[in-house]
Amino acid sequence: MQINVTINDKLVTWDVKKDEFLVDTLRSHGLLSVKKACDTSCCGLCTVWLEDKPVLSCSILSLRIHGKKITTIEGVPKEAEEFARVLTAEGAEQCGFCSPGFIMNVLAMKNELLNPSEEEIIHYLTGNLCRCTGYMGQLRAVKTYLGVL
Amino acid sequence: MFTLLDLVQPDNLAEAYQILSDKRNNTILGGCTFLKMGSKRIGTAIDLSNLKLSYIKEQAGFIEIGAMTSLREIETHKRLMECFNGVLPKSVHNIIGVQFRNSVTVGASVYSKYGFSDLITTMLALNTEVELYKSGRMPLIDFLNKPKEKDILVRLWIKVDNRKAAYLNLRNSASDFSVLNVAVSKLEDQWTVVVGARPRRAAIATSASAALSKGELSIEEIEDAAKRAAEELSFGTNMRGTANYRRALCQVLVKRGIMEVLQCK
Amino acid sequence: MKKIGMKSVGQSIRKIDGMAIATGKPVYTEDIAMNNALVVKILRSPHAFAKINSIDLSRAEKVEGVECILTYKDVPAERFTLAGQSYPEPSPYDRLILDKIVRYVGDEVAIIAAVDERTALLAMKKIKVDYEVWEPVLDFEKALGNSTVVHPEEDLSCNFDIGLHKEKNIASSFKEVVGDVEEEFRRCYEVVEDVYYPQAQAHAMMETYRAYTYLDHTGRLVVVSSTQIPFHVRRQLARALQIPSSKVRVIKPRIGGGFGGKQTSAVEGFAAIVTLKTGKPAIIIYDRKETFSCTTSRHAMRLKVKLGADQDGIIRAIDMQVLSDTGAYGEHAATVLGCVGHYTLPLYNKARAVRITGNAVYTNKMPAGAFRGYGATQGTFALESTVNKLAERLKMDPTEVRLKNISKEGETFLTGQGVLLGSSSLDRCIEKGKELIGWKEKFPRREIGQNKVRAVGMAITMQGSGIANIGTASVEIRLNDDGNFTLLSGATDMGHGCDTILTQMAAEILEIPMDNIIFVAGDTDTSPYDPGSYASSTTYVAGTATVKAAKDLKNKILEQGAKLLGVSLHEAELNGLAVRTINGDQEISLVKLAELTILGAGKLQLTSYATHGSEVSPPPYVAGFAEVEVDQETGKVELIDYVAVVDCGTVINPNLARMQAEGGIAQGIGMALYEEVHYNDLGKMETNSFMQYKIPCRKDVGKVHIAFEESFEPTGPFGAKSIGEVVANTPSPAIAHAVYNAVGVRVKHLPITPEKVFLGMQKL
């Protein structure tokens, strides 16, 4: 079936299977930043924005995004790079596999919360698992990036 | 593996219900986070997105929550943070993460009657009604006790009263399911004690609730009510905890819930 | 922490691949796989122990788009091990690609390759297998001598004696005794003992196991894999597939985490055999469930520890009895067992007698394997918990007991064959940690009201740096025709940053900016040999090889520069990107030098090559301190603060070292409080998703503080030792200690769940 979607500000028409999930659709169209790591909707690696809100692309049937707007990290290269510079200056990307989804949620948080407290930051980002860093370096990077030291 | 043969987005509930009834394996979609984990072969999946059911509004003494409202909207809704000491936002606060809560719908959470549900526990402690397309409007407790039959949960109605409420849970780790969750509320002298994730579905501790409603609420009486709740409800064992631990935990959390409600403004 | 006089080493330099991986560039295995690869899926055993009577493929093979289905009849009959270890591997050759006997729920029964995933899964459903179901042995404490024998086959073999007795389900046994232990215990003023059960733990790296394979233009098998061990994979595949290893090439792209999991080759063979049989590219990607339930985990163990001390608190005798659950196959069984004592006992060298004995037993569960910490983690939990108990009995501060007993620089230890301890700042680590956690004010406990109590606990640990006399790394550095350098290494960066660390070291020696070095690694066709990234090796072993190669090349450049400048060698120096005379009146740029040397008339490409293997494995140390808050009514433990003070010798890159430490501590916290691999009564793993197996999320780790107390390791590059594994070991004993100090409950079965603490309090 065909869907019309705005992917990273570009209107496209894609053929999708009826039971295909967004993460697979995005990857099959070359948006390879979107990673899959859990099958149970709880790791946060596949985070993209649906109408500017962070969602799990592994749990969204592609047919349901017809007429909607999706943003991946490829669609916000400037903002992503800006934060990635801070993140990597801390060394807090480590293996990097969870970073794109994490960055998308950090940027979503920046758009949603004004001057978040440390507790609010941690709460907002809880759905992004990371097995390498132990989260401390990510937190330092986020606080530096938001200027909420 | 998750499979479905067709997906439709009907324009009205009648059509949605018709399709749902057509075949045994036709299914209403919520946020799909749980549905996709199953290996169920779905015939026609029915997406209610076109029915404008994603909303929270207050009118005529009720808070009305559309079935397609996300848990995140409950969590961040200003009015819900004020009502009932903010128990509704509190009860969904720890469910996985923001992205998950942006996807999961209230309708699917309640309709599925999950034992681990934090939201059902809290809603049971409030005056909550469920509106189903076919069976109509009924108290949440009646819906929970009703045998499963195909229907569409359209919206929830929560009576805005002067109820004080508290929600507590114990999780082994922060983003895990609750080992046990508890909601306690008080409207005038009427207390309601609800215990969920036992691991079976939330239930009202009627004897404890009644005892509190009659009592003077001395510390002994509070402890006695908490003990009653632990005694009158049944508990089970799963990976997260044994029945005995849940029973003990029930007593502690119910006591704390009562104390918290007494301190509520 | 900037090093005076050093430009690259000691600096917090961003990882050279950092921006690409953080912003989602397509650099991981799946991202770069070809689109037309066959999708490989595995049919798995639903039984914990069974013999396959027959497999009916007739319906499955008819499914359109199925390319091939392989069963035990289609694979070579030569047994092998998947353990990523240097040859000759100390792990039993107890596996086939597919076997007629299946030994755990999830063991492989058939390999299905099809045009896409749906087709492969559809075909899988149509395979009919007739099993003769056997009685499994699931409880590792009942495995020894059980009537169920997990490996009844005759053709199982070992490269050398590792104490395997398959008829008793013993994969490996171990014994080391120095001195008269019983006699020393008799002389001791205080003797304490206890039994501990550290659990199986899942690696839970974010990128699941995956590989794709194809035949290249010369018909060789190319394996692109998310692995820590490209060279071992090449050797294993050659044996398992019975092809010459010259016909195999293994390439490692960026890796999404490994933690030792990818030191065991879980998936490569399945894709490789499909490519060999069909001639077509193939890809295998494990889903999260397979990653949890069909690969490896940390070895669950039972450890009995007995300690004796004199009146002054000097530990005089140590006895450790270990039982290790290696599951259905023996990957890493012997070495992990050996490391339990190897990386714990040398902490305390005042002992006069030491005994450690152990068995690793087969059971019908998922195999255990390598996991960050590698036996030291389990041993540390048991030994350090016992030392804490001893301190209490002696009415001594546990930090004092450590300070009195730990090995110091220049000392030997009883089981150490006379090797001197080259570096240690463990005493300073303990002092610093006490200060940072506020030990004086907080030890042992404080009531804070509302049924809550706060307490602190501590533990120390060590590990190795590489494997002495076995781990050997080679490095090659070239001066290129344009004056830049190429550094070739076989070390495998799995996110921890060794590509960057080795580049830093080379840049430091060659006195050039890091940007002038092209780092190339992870390809068995082009990389010099390296066993891979495990055993805390890269900084110490591959780092030393890098330093040697860089020094050699530097000399060659100086010689050539001096020659071109017409001066003697001692008049020339490397300065910036040029060779110049010491008095500064002449210089030749590296660009010019390269041009004159390599091109045309020069006819000499300057290269250097170094191989390094260390005769010692110097221990890094950590002193870990936990502060917890315990709810006295529910048993819920909240980690408030964790302080880890690390001695990894010289810190090469402070940011990357800190990140290793914070990450290792978090995994340790997961093991201490939340994580547990759990099976049902039939041997099916129940914790096979992130929904059921809870790794810590960011609300679960409290606040982790890392500090470094540098020492200088004389055998290490720039004085460095390792850091990768040692950081995983202290949380379990330190947190268990803190919980005990809070509520008087010693939890000896990890993890420390609220229910266990609650039950413990009920029994007080």
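Protein chains get the first letters and strands the later ones, always in sequence-line order, with residue 1 at the start of each.
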Test side chain to side chain contact (heavy atoms under 4.5 Å, CB included) on B:C32 and A:R64; report intermediate values, then the result.
CA-CA 11 Å; B:C32 285; A:R64 296 178 93 178; 3.6 Å; yes
So for atom CD, which belongs to A:E119, do other residues, nucleotides or ligands contribute more than 12 heavy atoms lying within a distance under 6.0 Å?
no
Ring-plane angle category for B:F2 and A:F21, please: parallel below 30°, perpendicular beyond 60°, tilted otherwise.
tilted
Considering only heavy atoms, which portion of B:T3 lies under 4.5 Å from any heavy atom of chain A: side chain, backbone, both, or neither?
both
Please step through side chain to side chain contact (heavy atoms under 4.5 Å, CB included) for the pair B:D47 and A:L61, ending with a clear verdict.
CA-CA 10 Å; B:D47 179 359; A:L61 285 163; over 6 Å; no
Enter the distance from B:I95:CD1 to A:C42:SG here, rounded to the nearest 0.5 Å.
13.0 Å
For B:L29, which atoms come within 4.5 Å of any heavy atom of chain A: side chain, backbone, both, or neither?
both
Hey, which of A:K17, A:E20, A:K53 has the most heavy atom pairs under 4.5 Å with chain B?
A:K53
B:K148 NZ: over 12 foreign heavy atoms closer than 6.0 Å:
yes
Best-contacting candidate, A:L56, A:N128, A:T126, A:L63, against chain B by heavy atom pairs under 4.5 angstrom:
A:L56
Scored by heavy-atom pairs under 4.5 Å with chain B, the best of A:M104, A:M109, A:M1, A:H123 is A:H123
Can you tell me if B:K23 has over 12 outside heavy atoms packed within less than 6.0 Å of its NZ?
no
Crowding at CZ, B:R79 (>12 non-hydrogen neighbours, <6.0 Å)
yes
Let me confirm one number: the CD-NE2 distance from B:Q9 to A:H66, rounded to the nearest 0.5 Å.
8.0 Å
Please classify the contact between A:L50 and chain B as side chain, backbone, both or neither, with a heavy-atom cut-off of under 4.5 Å.
neither
Separation of A:K18 NZ from B:L5 CG (nearest 0.5 Å):
7.5 Å
Taken to the nearest 0.5 Å, the spacing of A:S59 OG from B:N102 CG works out to 12.0 Å
Pairwise distance SG(A:C58) to CD(B:Q99) - rounded to 0.5 angstrom
10.0 Å
Counting only heavy atoms closer than 4.5 Å, note whether A:E51 contacts chain B via side chain, backbone, both or neither.
neither
